[in-house]
Amino acid sequence: MPLIDAALLVLVLAASAAAGLVVLRLLDALPATAGDRLLAGVATGLGGLGMLGLGLAAAGLLRPWALAAVGLVAVAVGGRDLGATLSTIRFAGLRRAAPYLVVCAVVLAGELVAMIAPPVGGDQTKYQLTYPRLYAAAGSLVSTPWSFWGQMQFLENFVFAAAYALHGDVLARFLNGITGVFAAIALARLVEVHLKPGLGAAAGTIFFTLPITWSLMTRAGSDLPVVLYGALAVSALLDWQETAAPGALRRAALLAGLAGGSKVMGLLVPALVGIGVLVVFVRRQWTVGAAAMAAVTFGALVVLAASPWYLRNAADTGNPVYPFGYGIFGGEHWSKAAGEYLADYYRQYQTTWAERREGAAYAGLDVARFPWDLTMHPESFENGAKKGLDVGPFALAFAPALLLVRRRRAAVVTVGAIGLGYAGIIAGAAWAHPRYVLPGVALAIAAAMPGARALLGRRLVVVAVVVTIVGNLAVTSRMLSPLWRDQIRVATGRISAVKFLRRNEPRYAFWEHANETVPASGRILVLEKIPHPYYVERPFVLASYLEQGLIDYRTIDSPRALAAVAHGLGITHVAVDTVGLQAARDPFEAEVGRLWRAFLTSECEFVLRRGGYALYTLNEATAVAAADRRAHG
Amino acid sequence: MQQRASVSFPSSFDDSGGVRVVVGRGLVRLALVVWVAVVYVVYWLGQLPGRS
């Protein structure tokens with residue numbers, strides 16, 4: 001089966017590269033060398049695939065034949081561009097980079113194993129893969145199950161949706177992984193071309209071997225695309241700084257826009273690259289008219305590339321960044337109280353895990369500690385293992401050495417400022433979290449390479465790079481046990497995917513039985529604070545009191561009222577996180593817990609229990625309940 | 001032996017009337033090497049069994 005996925009991956013990349021090269025050619029925005037053209041082209045094409053996935057889903061046409069048809073058109077139109085680019089690529093520098101390439105190939109081989117086994121845990125089973133899978137199954141967008149995570153679906157999620165429509169989760173996770181590979185290459189080229197020739201491969205390998213990169217390669221998400229598009233956009237900005245070629249500025253805008261389309265925080269990439277553009281306007285004393293024309297072009301391309309996913313959210317809910325910014329945009333099925341409760345939850349979450357560094361959530365200037373805490377205590381930012389969030393010591397150790405850099409200082413300072421600016425703004429204004437600041441960390445690693453070279457000299461810098469990479473691999477190796485061994489067994493066909501899931505995914509143990517029990521015509525109400533519904537095979541509605549507002553527990557005062565709402569949603573069964581039923585960390589949570597317990601007792605019949613979950617049937621609506629149902633609309 | 005040399009902010013700052021800082025290059029290098037050593041040592045101490 002993975003062979004089919006691998007073949008489809010090659011076809012998807014070929015079509016994406018062909019389409020991307022055509023777009024860049026039409027914009028007169030192709031990079032100078034063939035290798036860079038191919039990288040920018042395929043990245044642009046994958047952004048186009050994200051748009052296509054959304055467009056087809058919105059039109060109810062997210063089907064293999066539609067994707068294949070568009071792919072054929074892309075190859076027909078851009079095949080010549082792709083062929084010409086491939087035939088002119090030079091591999092002269094590969095011999096020098098061979099040791100680094102071998103290391104990366106070994107790491108990638110290990111990651112491929114994890115991509116082939118079914119997804120387990122993390123945000124991928126919460127929303128990163130869950131909704132793309134639903135869209136592909138339906139061939140369209142789905143309005144339920146209601147949760148704001150269904151609106152947290154951006155560029156990469158619709159690439160995943162296209163992959164699910166074509167074949168399934170392995171292809172989706174291959175595409176997630178190839179984004180990480182391209183991100184490492186983009187960082188390597190950024191360093192090699194603009195910052196310190198000879199150290200590009202080292203920079204790319206340091207990033208690729210980071211323990212956190214392993215986590216992101218093996219668990220699908222939206223962070224690696226921001227690294228990829230961010231690095232490419234900054235490279236294009238530097239091309240424009242150095243050559244003044246208008247096409248390079250257009251490429252910077254397009255790629256920065258795609259970074260912004262990858263997730264809400266990614267919008268910081270076009271903002272920071274845009275500031276870089278303004279600095280050049282001032283330093284080079286552009287006339288107001290010329291600067292305004294270039295700025296409008298830049299802004300228009302950013303908006304064009306970033307906007308489709310935000311427009312979808314605006315159309316669905318009235319809020320492009322749903323559920324955030326409620327005070328400005330509002331948003332259907334959400335409220336000020338829900339937003340405040342969510343903010344309180346996140347604050348509480350940050351405080352809880354900050355105790356791992358014997359600290360508290362940052363307030364004010366405390367955030368200045370973040371670079372140190374990020375490096376030394378990455379586990380203090382979320383409920384995750386330290387090794388899975390580790391960004392290694394290189395960026396923190398060598399970023400100050402930027403002071404010694406003399407050659408290409410403007411480029412080095414630009415990359416360092418954008419990287420540190422990204423990480424600093426996210427940490428100070430959004431959420432100080434290793435994954436969220438990774439695009440900034442990646443740029444900081446790139447900018448630190450010439451600093452390390454200036455500090456240590458030609459030979460010692462290689463020693464520092466090797467020590468860093470060996471350290472990265474040592475920390476990463478701790479993540480292999482015990483899951484990776486089972487993933488190898490799945491990849492080599494020694495155990496089935498189902499057996500793997502029974503061993504390693506606690507939720508699957510319940511949903512496997514619940515899926516068999518609930519008929520295909522049924523619909524399950526999921527009573528869980530933070531559901532991970534990836535393995536739910538039957539129609540369902542998420543009824544969290546934290547992550548959705550369709551069912552507003554602030555207006556539901558009795559089990560009968562909740563039953564009326566459930567009947568209104570066509571619910572036949574109720575699944576409940578039994579451990580969560582007792583949660584009472586705040587008055588609202590305690591109140592909902594009491595409501596859920598009373599609802600299960602008075603309105604439902606017990607069916608089965610597995611692990612920490614139980615399944616009930618919802619009693620038929622009585623005349624009184626039916627009246628309530630009508631009252632609730 | 002300490003050398004006198006200039007370590008300056010990037011030229012982009014010079015143009016806007018920024019500050020040129022002249023310090024002993026050897027001293028700065030020593031401080032940066034010590035910083036690198038501290039970061040790597042503390043990082044690896046944190047990776048020892050029981051610390052992660």
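Lettering of chains follows the sequences in order, A, B, ..., and the numbering in each one begins at 1.
Put simply, the side chain of B:Y40 reaches to within 4.5 Å of the side chain of A:T468, judged on heavy atoms. Inter-residue side-chain proximity for A:D390 and B:Y43 is flagged as met; some heavy-atom pair is nearer than 4.5 Å. By the 4.5 Å heavy-atom criterion applied to side chains, A:W372 and B:V42 are counted as neighbours. Two residues are said to be in side-chain contact when any heavy atoms from C-beta on lie closer than 4.5 Å; B:W44 and A:V475 meet this criterion.
How far NZ of A:K387 is from CD of B:Q47: 10.0 Å, rounded to the nearest 0.5 Å. Put simply, CZ on B:R25 and CG on A:L403 are 12.5 Å apart, with the number rounded to the nearest 0.5 Å.
Only the backbone of A:A454 comes within contact range of chain B, with heavy atoms under 4.5 Å apart.
Residues A:P400 and B:L32 come closest through the heavy atom pair CB-CD2, 3.6 Å.
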